[in-house]
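Here is the structure we will look at.
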Amino acid sequence: MTNAAVQRLPGPRLPAEITTYVGRGTEIREVKRLLGVAPLVTLTGPGGVGKTRLALRVAAAVRPSFGDDVVFVGLAELHEPKLLVNTVADRLGLGDRSTRAPIDLVVDHLRARRLLLVLDNCEHLVEASAGLVEAILTSCPDVVVLATSRQSLGVAGEHVLPVQPLAVPEPGESVAAMEKYDAVRLFLDRATAVVPSFTITEDDVEDVIRLCRALDGLPLAIELAAVRLRSLSARQLADRLNKRFTLLTQANRSAPSRHETLATLIDWSHQLCTEQERLLWARAAVFTGGFDLEAAETACCGDGLDRDELLDVLDGLIDKSILLREEHHGLVRFRMLETVRQYGEERLRANGELDRMRRRHRDWCAGLTEQFAAEWFSPAKLDRIDFEHANLRQALDYCVGGAAEALVGLRMVTDIKEYWVIRGLLTEGRMWCARLVGVAPGDSEPRAAAGWVDAFLALIQGDIPAYESTLAGAAEVAERIGDDSARAYVDHIRAYHALMGNDGEQAAELFHRATNAFREMGDLSGELWSRFNYGLAVSLTGDLDTGRAVMRDCVDRYTELGEVSWRCWALWSLSAAEYLAGQYEQALEAGLAVLRLQRRYGDRAVMAFALTVLAGCSTHLGELRRAARLLGAATTVWNSVGASPTNYTAFVEPMQRDIVLVTEGLGAETAAAEFTTGAALPNDTAISYALREDISREVPEAAEAPLTKREMEVAELVAKGMTNREIAKSLVISLRTAETHIDHIRTKLGFSNRTQIAAWVAGR
């Protein structure tokens with residue numbers, strides 16, 4: 001799994017039961033029409049009516065209109081409103097390595113893009129979803145949002161389209177007329193999936209009509225009912241449904257609502273399950289985002305559900321369409337539709353079992369994070385947490401509920417510290433640290449560890465006040481409880497701060513002390529992490545030979561272990577040290593090694609660092625056009641992670657020097673054109689270009705800078721850091737005119753934010 005390129009997927013991979021679409025032609029045409037005239041279209045309706053499927057079909061149909069730029073964000077598994085924007089940013093391929101608000105990063109990224117953003121299942125996050133959509137639509141004129149929710153978002157310009165149940169036939173319709181009713185077509189499709197010989201005949205056409213009308217045309221209800229044809233005829237099924245709905249009507253003294261119809265059918269499906277199937281249905285409802293066999297064995301078995309019989313029970317629930325089977329890269333996972341999952345959760349709550357099962361789920365997640373920490377050298381560790389990210393959030397949310405639980409949560413957060421960094425989820429990692437520390441009792445090792453992890457994440461984001469206060473707190477706790485591990489990590493994080501500030505001597509001293517401490521404690525992960533950074537710090541003091549030897553040794557150790565993530569950072573550190581010392585051939589070799597590894601692992605931060613160094617190397621090796629393009633590509637990646645190499649003091653002067661050399665060597669116009677071409681490269685293509693692979697079809701020839709004289713004036717003022725209002729005042733134009741010029745500049749240069757404009761101007 002890689003985050004190297006923006007993921008433009010139609011949504012999560014869905015099983016055949018869900019992706020075999022039937023009908024909805026009229027609705028699809030209407031939604032397509034609305035998307036052409038409205039910035040926000042919200043599909044509303046009750047659970048089970050088919051909102052998600054309709055949204056997916058529409059997204060697929062209109063994809064060409066958006067240049068294949070369609071991004072699907074499923075929200076059913078997200079329960080923390082504060083993480084909504086971060087989730088969308090992550091889906092867009094953005095990181096959060098800065099103190100800028102995530103919404104600003106999202107808006108800047110989308111401002112000049114023509115894109116369809118699909119937000120699915122917003123009903124439990126209506127307020128947060130409305131705020132996000134409003135911010136995007138206000139600043140991003142070419143972005144269109146398609147949302148699904150049980151209620152409207154209430155945003156200005158929203159067009160609400162209630163999704164109606166599928167069309168059902170009237171009594172007395174002929175067999176030949178059945179094909180024109182979507183409800184019947186869906187029923188027939190699902191029926192033949194379980195009974196291939198099933199057809200609608202004159203003998204049972206009225207029974208099929210009764211079924212579809214009783215189920216009110218609800219797609220999910222039709223699917224659940226059709227499964228019963230394995231053991232019942234259409235007439236028997238219709239008779240039994242009629243009896244159930246008659247009882248419901250008598251109880252309510254009115255016709256059942258669609259919600260009651262679906263609930264009654266799900267309840268009947270539950271009653272038809274075996275006792276073990278009911279147990280697994282309820283217990284598996286604590287999983288969010290799906291689960292695999294191992295997870296079910298660990299969290300669900302026991303107390304009436306034997307491991308030896310679990311596979312048969314899983315098969316039974318799949319046969320009844322309660323569980324859906326998915327396969328990812330040879331691994332099978334199971335999940336429930338949200339309506340079905342909520343039913344199982346309600347059964348747990350009614351039986352007083354919800355808290356116990358959530359704790360078992362949390363314990364299973366804690367086992368995953370503990371394994372992640374123990375197998376820190378395994379390349380597969382990140383993929384596993386990617387799959388279980390939604391479950392991890394669910395477990396951490398449970399841990400916030402009590403002091404003792406919070407300590408477990410803190411261990412979980414710190415066990416996967418690399419995950420927050422490599423996947424660019426710094427804000428989320430900090431959020432969980434803060435929430436859990438606020439609940440956890442007294443001084444403890446988990447609190448001290450969470451303190452230095454939180455401080456490290458804050459440091460990477462450039463939030464220095466938070467870094468200083470949080471690390472000071474961690475140091476105090478470590479001293480009070482005599483935690484040698486936390487002391488060593490506090491030294492390690494302080495050394496990082498010194499390294500970023502180009503204080504090589506201070507960084508080297510602290511990294512050396514931390515390295516020795518980790519070695520004495522047997523913490524190989526910490527030892528190598530500190531040691532390769534010690535090598536870079538020593539190099540900054542002028543001792544390149546010592547630093548080079550240390551970093552090469554760390555790369556070799558990581559290679560022997562099969563570790564990739566930290567190996568890339570060690571290689572980049574070696575590349576940076578060689579570059580800063582003027583050893584450009586050696587720097588180039590190490591930097592290219594980083595990019596070869598990143599083809600698989602997609603850590604965009606180290607990719608941005610590597611491209612920046614490679615641009616500098618090309619400058620001094622006489623390849624000025626290549627240098628300009630690589631710098632443009634690096635700038636785009638930096639913007640996608642929300643950071644800049646200028647946050648690292650050692651790079652400021654060399655970068656400025658290299659930009660001058662490229663600009664003077666090529667001429668301002670040519671340098672700017674080459675930079676613009678590089679900035680437009682997708683990440684994967686940028687890596688191919690850096691590796692000198694044949695990508696002539698993918699990389700266009702650089703064009704002359706397309707800006708008018710007035711637009712160039714505006715761009716130069718943007719580069720000076722002026723706001724739109726200040727630009728308007730300086731040029732004696734209206735604010736709206738200034739905004740229009742900036743929009744034109746972004747469009748012509750293919751940029752998404754002001755930082756790219758400033759870098760382009762600097763490169764002229």
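Position 1 is the first residue of the sequence; numbering continues from there.
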Ignoring hydrogens and angles, write down the donor-acceptor pairs under 3.5 Å from the side chains of residues 192-201, residues two or more places apart or on other chains.
{"residue": "T192", "atom": "OG1", "partner": "L188", "partner atom": "O", "Å": "3.0"}
{"residue": "T192", "atom": "OG1", "partner": "D189", "partner atom": "O", "Å": "3.0"}
{"residue": "T201", "atom": "OG1", "partner": "D203", "partner atom": "N", "Å": "3.3"}
{"residue": "T201", "atom": "OG1", "partner": "D204", "partner atom": "OD1", "Å": "3.3"}

*Could you point out which residue of T52, D120, V31 forms a side-chain contact (heavy atoms from CB on, under 4.5 Å) with L43?*
V31
Can a salt bridge be assigned to the pair [X] and [Y] using a cut-off of 4.0 Å between side-chain N and carboxylate O?
X	Y	result
D355	R359	yes
D239	R210	yes
R393	E428	yes
D182	R24	no
E326	R333	no

Sub-3.5 Å donor-acceptor pair from the side chain of [X] to the main-chain atoms of [Y], do we have one?
X	Y	answer
H124	L78	yes
Q236	S233	yes
S152	V160	no
S269	L265	yes
R213	P169	yes
R335	T288	no

Among all residues two or more places apart in sequence or in another chain, which pass the side chain to side chain donor-acceptor pair (under 3.5 Å) test with [X]?
X	result
R435	E80
Q342	E338
D267	Q271, Y343

*Run the numbers on H361 and N391 for side-chain hydrogen bond (donor to acceptor under 3.5 Å, both in side chains), then give the verdict.*
CA-CA 8 Å; H361 172 266; N391 278 313; 3.0 Å; yes
*CD of E127: more than 12 outside heavy atoms within 6.0 angstrom?*
no
*asked:* Are there over 12 heavy-atom neighbours, none belonging to R235, within less than 6.0 Å of that residue's CZ?
replied: no
_I want to check a possible cation-pi pair here: R114 against F66, using under 6.0 Å from ring centre and within 45° of the ring axis as the test._
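Output yes; distance and angle both within limits.
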*Taking only residues at least two apart or on different chains, which pairs with a member in residues 309-324 satisfy salt bridge (Lys or Arg N to Asp or Glu O under 4.0 Å)?*
R230-D319, E277-K320
*Can you run down the side-chain hydrogen bond (donor to acceptor under 3.5 Å, both in side chains) pairs that involve residues 32-46, sequence neighbours left out, and say none if there aren't any?*
E30-R33, T42-E158
